[in-house]
Protein chains: 2
Amino acid sequence: MPDTQPPQTTGPDAAAAYEPTGRTVPTRSRERAAYDREQIHSILDEAYVCHLGFVRDGAPVVLPTLFGRVGERLYVHGSTGSRPLRTAGGSSDGLAVCLTVTHVDGLVLARSAFHHSLNYRSVVVHGIAHAVTDPEERRTALDAIVEQVVPGRSQDSRPADEKELAATAVLRLDLREVSAKVRTGGPNDDPEDLELPHWTGVVPLTRGFAAPVPAADLDPAIAVPDYLKAL
Amino acid sequence: MPDTQPPQTTGPDAAAAYEPTGRTVPTRSRERAAYDREQIHSILDEAYVCHLGFVRDGAPVVLPTLFGRVGERLYVHGSTGSRPLRTAGGSSDGLAVCLTVTHVDGLVLARSAFHHSLNYRSVVVHGIAHAVTDPEERRTALDAIVEQVVPGRSQDSRPADEKELAATAVLRLDLREVSAKVRTGGPNDDPEDLELPHWTGVVPLTRGFAAPVPAADLDPAIAVPDYLKAL
């Protein structure tokens with residue numbers, strides 16, 4: 001476990017923005033970089049998966065995985081037999097990771113191929129993930145991961161029992177070295193292209209939910225809960 | 001440039017599946033792993049961004065980026081000044097990368113917190129990315145990246161000119177060490193949980209497009225093209 005204090009999450013000392021570092025200042029499109037804490041939390045909270053990067057045998061590995069946020073801490077979990085969790089759990093130094101979340105909001109069609117783009121919101125977190133051993137924090141983390149799937153759900157499901165807890169590794173990554181990158185708005189064509197005969201603009205992407213599909217073995221007397229209707 | 005031949009993409013010698021390797025056989029949930037070439041192409045082709053992982057100063061970096069596919073080759077592009085492209089371009093050894101694409105198809109709500117999951121389709125590609133220097137291949141790659149955003153669009157936009165081509169680095173990653181992971185269906189609750197009073201099932205996620213938003217400076221005489229109406 002790290003002996004550092006967790007980052008300040010509330011109160012007058014909580015800065016409104018993360019401090020940029022060498023790793024979180026992009027080499028290009030710097031105007032799209034953002035460090036606002038509230039905005040970054042919001043991008044993270046809207047995601048169902050993150051892409052977790054780590055190094056194995058000198059090579060990068062990027063795996064999609066569930067995650068949860070509690071204040072300034074992110075949690076991921078997995079089988080105690082899974083590779084990243086085994087690596088981090090087996091070392092008091094933890095595991096160097098990069099955790100990235102991306103939402104694609106629109107297709108940006110410029111007149112020139114060169115200026116085609118996407119509207120998107122992404123967050124990149126750099127840091128060292130550490131195995132969580134404290135039982136209370138482990139339970140909090142697992143609840144947060146369920147809440148990330150559906151807010152309200154952790155109170156309406158059976159919590160992990162001792163056997164399940166023993167089979168589950170939990171990693172914590174503190175939100176310290178964090179940045180967002182956001183593109184919005186229309187295409188940025190060059191002035192000399194404005195008369196070209198191509199349609200130009202944005203196709204917004206939408207995300208929605210279809211009607212919940214009950215499990216085949218669900219007791220028909222159990223109605224769809226309000227927290228699902230609210231989606 | 002690598003001196004190896006590109007993988008076979010068509011004809012009687014093209015295997016229907018990628019060969020599993022130590023890196024593409026998961027340590028758990030092996031029943032979800034898939035190597036079918038057609039299925040993997042389809043998962044890739046449906047995505048707007050990939051998450052590209054590489055190692056910088058010994059630490060992992062994961063960035064969302066556009067990409068395109070041409071047969072058994074993936075292409076990513078970027079400014080010649082961007083970090084991964086500079087790293088790969090500056091070395092004849094190329095850049096070790098892991099390129100991952102994920103679609104989230106549904107929220108899986110089990111009766112137990114432990115069995116909560118997502119329905120998803122992901123593809124993970126391991127390999128060495130090489131800078132593309134051949135002018136013809138560079139143009140093909142850039143077209144493919146535009147086609148990944150909207151099929152049909154590369155024929156209805158101004159191709160990159162010499163100045164834009166000079167400012168753009170293109171990396172190629174061959175599809176050799178590739179796997180998909182797919183989860184479908186309902187929750188997998190344990191038999192002893194079946195009588196619990198919690199709603200259980202799947203909430204399907206949907207993706208759609210809103211009406212195209214023309215750029216403010218678009219000539220109103222230019223109609224929305226058919227390839228956008230087809231989305």
Side-chain angles (χ1 to χ4, degrees), chain A residues 27-28 48-49 51 53-55 59-62 64 79 81-83 96-98 100 102 104 107 109 111-114 116 118 122 142 146 149-150 153 156-160 164 186-187 193-194 196 198-210 212-215 217-218 222 224-225, chain B residues 27-28 48-49 51 53-55 59-62 64 79 81-83 96-98 100 102 104 107 109 111-114 116 118 122 142 146 149-150 153 156-160 164 186-187 193-194 196 198-210 212-215 217-218 222 224-225:
Chain A
T27 45
R28 53 188 290 273
Y48 291 114
V49 293
H51 282 83
F54 55 98
V55 180
V61 180
V62 179
S79 156
S82 81
R83 286 166 177 154
V97 298
C98 181
T100 300
T102 306
V104 180
L107 315 178
L109 308 188
R111 295 170 177 93
S112 63
F114 187 76
H116 275 63
L118 298 174
S122 67
L142 295 176
V146 170
V149 178
V150 178
R153 182 68 184 178
D156 185 26
S157 50
R158 176 179 66 68
E164 290 166 344
D193 290 334
L194 297 182
L196 291 175
H198 310 299
W199 188 91
T200 178
V202 173
V203 182
L205 293 182
T206 58
R207 189 174 75 175
F209 303 94
V213 179
D217 56 10
L218 177 67
I222 301 179
V224 173
Chain B
T27 45
R28 53 189 291 272
Y48 292 114
V49 292
H51 282 82
F54 55 98
V55 180
V61 180
V62 179
S79 157
S82 81
R83 286 166 177 155
V97 299
C98 180
T100 301
T102 307
V104 180
L107 316 178
L109 309 187
R111 295 171 178 94
S112 62
F114 186 76
H116 275 64
L118 298 174
S122 66
L142 295 176
V146 169
V149 177
V150 178
R153 182 68 183 177
D156 185 27
S157 50
R158 175 179 67 69
E164 290 166 346
D193 289 335
L194 297 183
L196 290 175
H198 311 299
W199 188 91
T200 177
V202 173
V203 182
L205 292 182
T206 58
R207 188 174 76 176
F209 303 94
V213 180
D217 56 10
L218 177 67
I222 301 179
V224 173

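Chain letters run A, B, ... following the sequence lines, proteins first, then strands; residues in each count from 1.
Heavy atoms of B:R153 lying under 4.5 Å from chain A belong exclusively to its side chain. In this structure, chain B has heavy atoms under 4.5 Å from both the backbone and the side chain of A:P214. B:V146 touches chain A through its side chain: at least one heavy atom from C-beta onward sits under 4.5 Å away, while N, CA, C and O do not.
Put simply, the side chain of A:S157 reaches to within 4.5 Å of the side chain of B:H116, judged on heavy atoms. Within the 4.5 Å cutoff, no side-chain heavy atoms of A:F114 are placed close to those of B:L142. Side-chain contact between B:F209 and A:T206: absent, with no pair of heavy atoms (C-beta onward) separated by less than 4.5 Å. Residues A:V104 and B:R207 fail the side-chain proximity criterion, which asks for heavy atoms closer than 4.5 Å. In this structure the side chain of A:D217 reaches within 4.5 angstrom of the side chain of B:L194, judged on heavy atoms.
Per-residue counts of heavy-atom pairs under 4.5 Å with chain A were compared for B:L118, B:V224, B:L109; the largest is that of B:L109. Contact tally against chain B (heavy-atom pairs below 4.5 Å) for A:P187, A:P60, A:A113: the top residue is A:P60. Looking only at heavy-atom pairs under 4.5 Å with chain A, the residue among B:G201, B:A215, B:P212, B:G208 that has the most is B:G208. Across B:P64, B:P204, B:A96, the residue that shares the most heavy-atom pairs under 4.5 angstrom with chain A is B:P204. Interface summary for chain A: among B:L218, B:V203, B:T27, B:L205, the most heavy-atom pairs under 4.5 angstrom belong to B:L218. The most heavy-atom pairs under 4.5 Å with chain A, out of B:P159, B:S79, B:A160, come from B:S79. The residue among A:V150, A:L107, A:V97 with the most heavy atom pairs within less than 4.5 Å of chain B is A:L107. Interface remark: of the candidates A:G53, A:G186, A:A210, A:A210 forms the most heavy-atom pairs closer than 4.5 Å to chain B.
The side chain to side chain donor-acceptor pair (under 3.5 Å) search around B:D156 returns A:H198, B:Y227, not counting sequence neighbours. Under the side chain to side chain donor-acceptor pair (under 3.5 Å) criterion, A:S122 pairs with no residue, sequence neighbours left out.
Nearest heavy-atom pair, B:T100 versus A:V62, reported as atom, atom and distance to 0.1 Å: OG1-O, 2.7 Å.
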